[in-house]
Amino acid sequence: MAKIQMTTPLVEMDGDEMTRILWKMIKDELILPFVDLKSEYYDLGLPERERTKDQVTLDSSYAAKKYGVAVKCATITPNAQRVEEYNLTKMWKSPNGTIRSILDGTVFRAPIMIDSIKPNVRSWEKPITIARHAYGDVYKNTEFRIPGPGKAELLFTAADGTEMRETIYDYECAGVLQGQYNKDTSITSFAKSCFEYALSVKQDLWFSTKDTISKKYDHTFKDIFQEIYDNEYKERFEAAGITYFYTLIDDAVARVIRSKGGFIWACKNYDGDVMSDMVSTAFGSLAMMTSVLVSPDGNYEYEAAHGTVTRHYYRYLKGEETSTNPVATIYAWSGALRKRGEKDGLTELQAFADKLEAAVIKTLDDGIMTKDLAGLVSEGYTATSVNSFDFIKAIRERLEASM
């Protein structure tokens, strides 16, 4: 069988630990036998980020802007323990945060649902998509460890030299201090991405912050969303039969739990990080979640929404068998290949992405699962727990049959 041809490369961002092992398995078993893969490869594994002083992360981000489609493996964001473990010269920042800042987009995350696993929230019948702002806030913060008594101030010096100054706190003891920021242009891009995505999938859009407490920072998000909706999207939403509304995030959490699903929930950066994990876990597993970063100028970066599965990696290094779920990483590849096919007019590549996802669902429906899912199947269904490689081999068998 002739391999499916590509015309434009996609940007491939390799990662760390167990997901890096799965990345190679997926390519070897599910991509390379069927597709003449063209990719511009970047190693975002922590050793290479250390070697290049994180320049490789910047290079991969700009490559994603150049080619328009990227696929990314999970990566380590180092803490103090990782600095020691990997002998790092610096506690490098989150690669995801860097990529999102450069692409300036919105991350849309949605659970992958199968019949045999029912959501933990009994009322949920349809997927809930989390739209996460992918710029600024705590991921680009500046912070201090305050050694003792003193005054902390917030200072802004305008281009003309005028100043705005406010006391944050008079410290009577040691403590911590953090500053974060965002921009009207990025918030505007976030809002428009959410409105456009809602129209494309014809789903209601919810947006939530804590504007009653944060009367300038969060309130600006609320105001920009409302202004754009009223001026540009209200009539289009009404014509499509969908709605937009704003509510406080604590009220939104209560509404989400009582809902039937089937809507988009837009959140600020940190809120979206936390809530996407809550939603994915309640639907079944963190490894059953699609994630795509969509930038205002039409660039796409597909990734797995979970971490590098460190515990399984240490077992793998000892030669022990692991049953790590690769579904989210497979869907990152299928999403990127489908989008590359859409942009380049390659219907065969788009069809392959559809068949790859269908093979995953068929494998799961046949009761062949990794350990994390096998223990979640509902009454009346049976499941066989297999290791990661055997699970991927089972998917390949079904993919070959569909080809």
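Quick caveat: nothing in here was measured; it's all calculated off a predicted structure.
Considering only residues two or more places apart in sequence or on other chains, Asp390 meets the side-chain contact (heavy atoms from CB on, under 4.5 Å) condition with Val386, Asn387. The side chain to side chain donor-acceptor pair (under 3.5 Å) test applied to Asp354 returns Arg338, not counting sequence neighbours. By the side-chain contact (heavy atoms from CB on, under 4.5 Å) test, Gln226 is found to be paired with Tyr229, Asp230, Tyr244, residues two or more places apart in sequence or in another chain being considered. For Cys194, the side-chain contact (heavy atoms from CB on, under 4.5 Å) partners at least two apart in sequence or on another chain are Thr106, Ala131, Phe190, Leu205, Phe225, Ala266. For Glu238, the side chain to side chain donor-acceptor pair (under 3.5 Å) test picks out Lys234, with sequence neighbours left out. For Arg255, the side-chain contact (heavy atoms from CB on, under 4.5 Å) partners two or more places apart in sequence, or in a different chain, are Trp206, Phe245, Thr247, Asp251, Arg258.
The distance from the CD atom of Glu301 to the OG atom of Ser295 is 10.5 Å, given to the nearest 0.5 Å. Atoms CE and NE2, from Met289 and His306 in turn, are 11.5 Å apart once rounded to the nearest 0.5 Å. Rounding to the nearest 0.5 Å places CG of Leu88 at 9.0 Å from NZ of Lys53. With rounding to the nearest 0.5 angstrom, the NE2 atom of His133 is 7.5 Å from the OG atom of Ser189. Atom CD1 of Ile395 sits about 9.0 Å away from atom CZ of Arg398, to the nearest 0.5 Å. Rounding to the nearest 0.5 Å places CD1 of Ile114 at 6.5 Å from CD1 of Ile361.
Counting all heavy atoms, side chain and backbone alike, Asp204 lies closest to Thr243 at OD1-N, 2.9 Å. Closest non-hydrogen pair, Tyr67 versus Thr8, comes out as CD2-CG2, 4.0 Å. For Leu44 against Asp16, the heavy-atom pair with the smallest separation is O-OD2, 3.8 Å. Contact detail for Val11 and Ser60: the closest heavy-atom pair is CG1-O, 4.0 Å. When all heavy atoms of Ala304 and Ala332 are compared, the closest pair comes out as N-CB, 4.2 Å. When every heavy atom of Lys355 is checked against every heavy atom of Ser402, the shortest pair comes out as NZ-O, 3.6 Å.
Listed for the Glu235 side chain is no donor-acceptor partner under 3.5 Å among the backbone atoms of Tyr233. When atom types are taken as modelled, the side chain of Arg132 and the backbone of Asp271 share no donor-acceptor pair closer than 3.5 angstrom.
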- Passes salt bridge (charged side-chain N to carboxylate O under 4.0 Å, His left out), Asp104 versus Lys183? Steps please. CA-CA 11 Å; Asp104 184 22; Lys183 304 187 300 183; 5.9 Å; no

- Message: For Trp265 and Ser208: C-alpha separation, side-chain torsions, deciding distance, then whether side-chain hydrogen bond (donor to acceptor under 3.5 Å, both in side chains) applies.
- Response: CA-CA 8 Å; Trp265 181 11; Ser208 59; 2.9 Å; yes

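Side-chain contact between Met113 and Pro119 is present, with heavy atoms from C-beta onward closer than 4.5 Å. Counting only heavy atoms from C-beta outward, the side chains of Leu37 and Met6 approach each other to under 4.5 Å. Side-chain contact check for Leu10 versus Trp333: some heavy-atom pair is nearer than 4.5 Å. Contact of the Thr322 side chain with the Tyr313 side chain is not registered, since no non-hydrogen atoms from C-beta on lie closer than 4.5 Å. Put simply, the side chain of Tyr135 does not reach to within 4.5 Å of the side chain of Ile187, judged on heavy atoms. With a 4.5 Å cut-off on side-chain heavy atoms, Pro95 and Thr77 count as touching. You'll find the side chain of Gln350 reaches within 4.5 Å of the side chain of Thr347, heavy atoms only.
The number of heavy atoms from other shown groups lying within 6.0 Å of NZ (Lys343) is above 12. Tyr270 OH: 12 or fewer foreign heavy atoms inside a 6.0 Å radius. Environment of OH in Tyr316: sparse, with no more than 12 heavy atoms of neighbouring residues, nucleotides or ligands closer than 6.0 Å. The neighbour count for Tyr41 OH, taken as heavy atoms of other residues, nucleotides or ligands under 6.0 Å away, is above 12. Atom NZ of Lys260 has 12 or fewer heavy atoms from other residues, nucleotides or ligands within 6.0 Å. Residue Glu196 places its CD atom among more than 12 non-hydrogen atoms of other residues, nucleotides or ligands, all under 6.0 Å distant. More than 12 heavy atoms of other residues, nucleotides or ligands shown are found within 6.0 angstrom of NZ on Lys118.
Residues Lys93 and Thr57 have side chains that never bring a donor and an acceptor to within less than 3.5 angstrom of each other.
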When the side chains of residues 25-36 are checked against the rest of the protein, which donor-acceptor pairs come out under 3.5 Å, sequence neighbours left out?
residue: Lys27; atom: NZ; partner: Glu12; partner atom: OE1; Å: 3.3
residue: Lys27; atom: NZ; partner: Glu12; partner atom: OE2; Å: 2.9
residue: Asp28; atom: OD2; partner: Lys24; partner atom: NZ; Å: 2.7
residue: Glu29; atom: OE1; partner: Arg396; partner atom: NH1; Å: 3.1

Donor-acceptor pairs are to be reported for all side-chain atoms of residues 272-283 against protein atoms at under 3.5 Å, with residues two or more places apart or in another chain.
residue: Asp273; atom: OD2; partner: Tyr139; partner atom: OH; Å: 2.4
residue: Ser276; atom: OG; partner: Arg109; partner atom: NH1; Å: 3.0
residue: Ser276; atom: OG; partner: Gly272; partner atom: O; Å: 2.9
residue: Ser276; atom: OG; partner: Asp273; partner atom: O; Å: 3.1
residue: Ser280; atom: OG; partner: Ser276; partner atom: O; Å: 3.0
residue: Ser280; atom: OG; partner: Asp277; partner atom: O; Å: 3.1
residue: Thr281; atom: OG1; partner: Asp277; partner atom: O; Å: 2.8

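A salt bridge links Glu17 to Arg82: one of the charged nitrogens lies within less than 4.0 Å of a carboxylate oxygen. Salt-bridge annotation for Asp54 and Lys90: absent, with no side-chain N of the basic residue lying under 4.0 Å from a carboxylate O of the acidic one. Using a 4.0 Å cut-off between charged side-chain N and carboxylate O, Lys222 and Asp218 make no salt bridge.
Note: Tyr302 and Tyr300 have parallel aromatic rings, judged against thresholds of 30 and 60 degrees for the angle between ring planes.
Identified under the salt bridge (charged side-chain N to carboxylate O under 4.0 Å, His left out) test for residues 304-318, with sequence neighbours left out: Arg315-Glu320. Applying the salt bridge (charged side-chain N to carboxylate O under 4.0 Å, His left out) test to pairs two or more places apart or on separate chains, those with a residue in residues 154-180 are Glu153-Arg165, Glu163-Arg165. The side-chain hydrogen bond (donor to acceptor under 3.5 Å, both in side chains) pairs that include a residue from residues 141-152 are Glu143-Gln178, where partners are two or more places apart or lie in different chains. A salt bridge (charged side-chain N to carboxylate O under 4.0 Å, His left out) check over residues 55-67, counting only residues at least two apart or in different chains, returns the pairs Lys65-Asp297.
Taking the ring centre of Phe221 as origin, the terminal cationic atom of Lys268 falls inside the region bounded by 6.0 Å and 45° from the ring axis.
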